[in-house]
Amino acid sequence: MKSALTWDVVAKCSTTKGRAAVLNLPHGPVNAPVFMPVGTQGTLKGITPQQVEGLGCQIMLNNTYHLGLRPGQELLDTCGGAHKFQGWNRNLLTDSGGFQMVSLLKLAEITEDGVQFESPHDGSLMLLTPEHSMSLQNSIGADIMMQLDDVVSSLTTGPRVEEAMWRSIRWLDRCIKAHSKPESQNLFAIIQGGLDPELRKKCIEEMVKRDTPGYAIGGLSGGEEKDKFWRVVTLCTDQMPREKPIYCMGVGYAEDLVVCVALGVDMFDCVFPTRTARFGNALTSTGTLGLRQSKFKDDFGPIEEGCDCITCKTYTRSYLHTIVTRETVGCHLVSIHNTSYQLRLMRQIRESIIEDRFPQFIHKFFKDLFKEKSAYPEWAVNALRSVNVDLLKDE
């Protein structure tokens, strides 16, 4: 199918499967590996689009299901799409709405036609079919659109997993047929198959035949064991076309990002940085700071030394301790820092790959975050060992 992107690999790690690339999209270049902040309903909670752009963000997410309900397709068509509607001049990726089959399952009914949702706003019914999902995403104007897939929880076993995999393939065909703007919007396929290696392989085999501009690993980050999670990720990156971008959906913890880049993933998204900020938690290279804790009452340092975000350059831990979870500005300031932290982490990973020192970066990252090797997550040790990085050995 037609593509509105180019994918230029600029460096490959000589040890792991990590790579640095430039993803050229209609609203500008995106440096990969990339973490994409999530603005579900047209905004990152607590941050303006201009502030997000100021942090160096080149692409963020919107959600098709939520924007389809509010403001609705007619208004998006009238104003010329979501970029204009929310004042965002850079790239957008839209999730198709498939994930809501899991997150809003009590409100959803799934058939071969599509998914019928009950609106959480007014109780009205909405049938989201592959065709409607494409129509909504064409109206939104996202630079990358995700196919509507049949999403089941990663904890689901049995015939439902295979049913969802085959239905996702059939729905991809319907999405391709319904996609009206392939010259300006890119449709990505989503690999399903649960934790079953053979189903994943079969899904990749079928979806690669459709030759979409990029591919995503879906159906993970739903509570499955991390040792199973990484094995599915690395199996998929081994089987997927390496000349196209690979996106692992719903991944946002710092250690997960580092490991998954080493396993060959290029793109990530998660609500975690802004969601955890609303509980007063600040992300740093040495661990999460719970700013509500009384030990920060008299701490006049920044959240993290060396961070160049406006929060760290202007405000102290003491001030933030006083206002987090009490004043909306507290959420705002910690959200800015957490988003900045994630974006900076990805820049550091990218630079280390270009300079071919990614394994050394991984060792330092884990040492800073977990302090002692005995505290390193076993799954991460196993995953990285599979790509020739042994965390338990000295560099």
Side-chain angles (χ1 to χ4, degrees), residues 5-23 30-36 59 93 144 146 154 188-193 195 197 199-201 203-205 207-208 211-221 224 226-270 342 345-363 365-366 377 379-391:
L5 64 77
T6 60
W7 174 249
D8 301 317
V9 176
V10 298
K12 296 179 181 179
C13 175
S14 60
T15 303
T16 71
K17 293 191 280 183
R19 56 189 183 172
V22 179
L23 174 60
V30 176
N31 291 329
V34 60
F35 176 80
M36 303 176 286
I59 181 170
L93 182 151
I144 297 176
M146 305 308 298
S154 58
F188 278 27
I190 303 177
I191 307 300
Q192 291 292 345
L195 303 178
L199 291 182
R200 288 281 178 174
K201 288 177 185 178
C203 192
I204 293 169
E205 178 188 334
M207 287 189 167
V208 166
D211 195 29
T212 57
Y215 296 91
I217 303 168
L220 295 176
S221 301
E224 71 277 0
K226 280 294 183 66
D227 210 55
K228 294 180 178 178
F229 161 82
W230 79 260
R231 293 178 194 278
V232 170
V233 171
T234 201
L235 178 147
C236 288
T237 61
D238 280 345
Q239 303 285 324
M240 295 159 87
R242 297 297 286 167
E243 69 276 11
K244 297 192 177 185
I246 296 174
Y247 165 29
C248 193
M249 306 178 77
V251 171
Y253 294 148
E255 59 270 32
D256 296 12
L257 296 172
V258 172
V259 170
C260 286
V261 169
L263 298 179
V265 179
D266 308 299
M267 304 169 65
F268 307 90
D269 80 282
C270 193
Q342 299 281 107
L345 173 63
M346 301 312 289
R347 287 194 294 270
Q348 291 170 343
I349 291 172
R350 188 174 192 274
E351 289 167 7
S352 75
I353 293 172
I354 292 172
E355 296 169 6
D356 204 13
R357 53 176 179 81
F358 185 38
Q360 292 87 342
F361 175 88
I362 294 171
H363 276 278
F365 170 85
F366 274 86
W379 75 269
V381 172
N382 293 338
L384 290 166
R385 191 175 284 143
S386 77
V387 286
N388 308 307
V389 176
D390 193 338
L391 285 178

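This chain uses plain numbering: 1 for the first residue, then up along the sequence. Computation of the quantities below employed the complete heavy-atom set of this structure, encompassing side-chain atoms and omitting hydrogens, waters and symmetry-equivalent molecules.
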Legend entry - Within-4.5 Å side-chain heavy-atom neighbours: M346 and I349: yes
Inset, instruction - Check A20 against R350 and note the closest heavy-atom contact, atom names and distance. - result: CB-CG, 3.8 Å
Inset, instruction - Look up atom OH in Y247 and atom CD1 in I144, then write down how far apart they are to the nearest 0.5 Å. - result: 8.5 Å
Inset, instruction - First locate atom CD of Q239, then atom CZ of R200, and finally report the distance between them rounded to the nearest 0.5 Å. - result: 12.0 Å
Inset, instruction - State, yes or no, whether a side-chain contact exists between P245 and P213 at a heavy-atom distance under 4.5 Å. - result: no
Inset, instruction - Using the test side chain to side chain donor-acceptor pair (under 3.5 Å), find all partners of S352 that sit at least two apart in sequence or belong to another chain. - result: none
Legend entry - Those residues that, when tested against T15, pass side chain to side chain donor-acceptor pair (under 3.5 Å) (two or more places apart): none
Legend entry - Pairing residues for D211 by the side chain to side chain contact (heavy atoms under 4.5 Å, CB included) criterion, not counting sequence neighbours: K244
Inset, instruction - Take V261 and T16 through the test side-chain contact (heavy atoms from CB on, under 4.5 Å) and record every step on the way to the result. - result: CA-CA 9 Å; V261 169; T16 71; over 6 Å; no
Legend entry - Set of salt bridge (Lys or Arg N to Asp or Glu O under 4.0 Å) partners for D8, sequence neighbours left out: none
Legend entry - Rounded distance (nearest 0.5 Å) linking atom OG1 of T237 with atom CD1 of I246: 6.0 Å
Legend entry - Gap separating the OG atom of S14 from the CG atom of N388, nearest 0.5 angstrom: 9.5 Å
Inset, instruction - Indicate the atoms forming the closest heavy-atom contact of K17 with T234, along with that distance. - result: NZ-OG1, 2.7 Å
Inset, instruction - Using side chain to side chain donor-acceptor pair (under 3.5 Å) as the criterion, list what pairs up with R357, not counting sequence neighbours. - result: E355
Legend entry - Interatomic distance, I354 atom CD1 to R19 atom CZ [nearest 0.5 angstrom]: 13.5 Å
Legend entry - Listed partners of P197 passing side chain to side chain contact (heavy atoms under 4.5 Å, CB included), at least two apart: L235
Legend entry - Closest heavy-atom pair and its distance - A262, V387: O-CG1, 3.7 Å
Inset, instruction - Can you measure from CG (L23) to CE (M267) and round to the nearest 0.5 angstrom? - result: 5.5 Å
Inset, instruction - Under the side chain to side chain contact (heavy atoms under 4.5 Å, CB included) rule, collect the residues that match up with R231, sequence neighbours excluded. - result: D227
Inset, instruction - Start with the C-alpha distance between M240 and I217, add both sets of side-chain angles, then the distance that settles side-chain contact (heavy atoms from CB on, under 4.5 Å), and finish with yes or no. - result: CA-CA 10 Å; M240 295 159 87; I217 303 168; 4.0 Å; yes
Legend entry - Side-chain touch M207/I191, heavy atoms, less than 4.5 angstrom: yes
Legend entry - Note, P33 side chain near I353 side chain (heavy atom, < 4.5 Å): yes
Legend entry - Contact summary for D269 and F35, nearest pair of heavy atoms: C-CE1, 3.9 Å
Inset, instruction - Would you indicate whether the side-chain heavy atoms of Y215 and I204 approach each other to under 4.5 Å? - result: no
Inset, instruction - Compare all side-chain heavy atoms of C236 with those of V265 and state whether any distance is below 4.5 angstrom. - result: no
Inset, instruction - Sequence neighbours left out, what passes side chain to side chain contact (heavy atoms under 4.5 Å, CB included) with D390? Give chain and number order. - result: R385, L392, K393
Inset, instruction - Check P359 against V389 and note the closest heavy-atom contact, atom names and distance. - result: CB-CG2, 4.2 Å
Side-chain donor/acceptor pairs under 3.5 Å, residues 251-259, sequence neighbours excluded:
{"from": "D256", "atom 1": "OD1", "to": "K226", "atom 2": "NZ", "distance (Å)": "3.2"}
{"from": "D256", "atom 1": "OD2", "to": "K226", "atom 2": "NZ", "distance (Å)": "3.0"}

Inset, instruction - Using side chain to side chain donor-acceptor pair (under 3.5 Å) as the criterion, list what pairs up with Q342, not counting sequence neighbours. - result: none
Legend entry - Side-chain heavy-atom pair F365, Q348 within 4.5 angstrom cut-off: no
Inset, instruction - Work out which heavy atom in A216 is nearest to a heavy atom in M146; give both atom names and the distance. - result: CB-CE, 3.5 Å
Legend entry - R347 backbone acceptor or donor facing N31 side chain under 3.5 Å: no
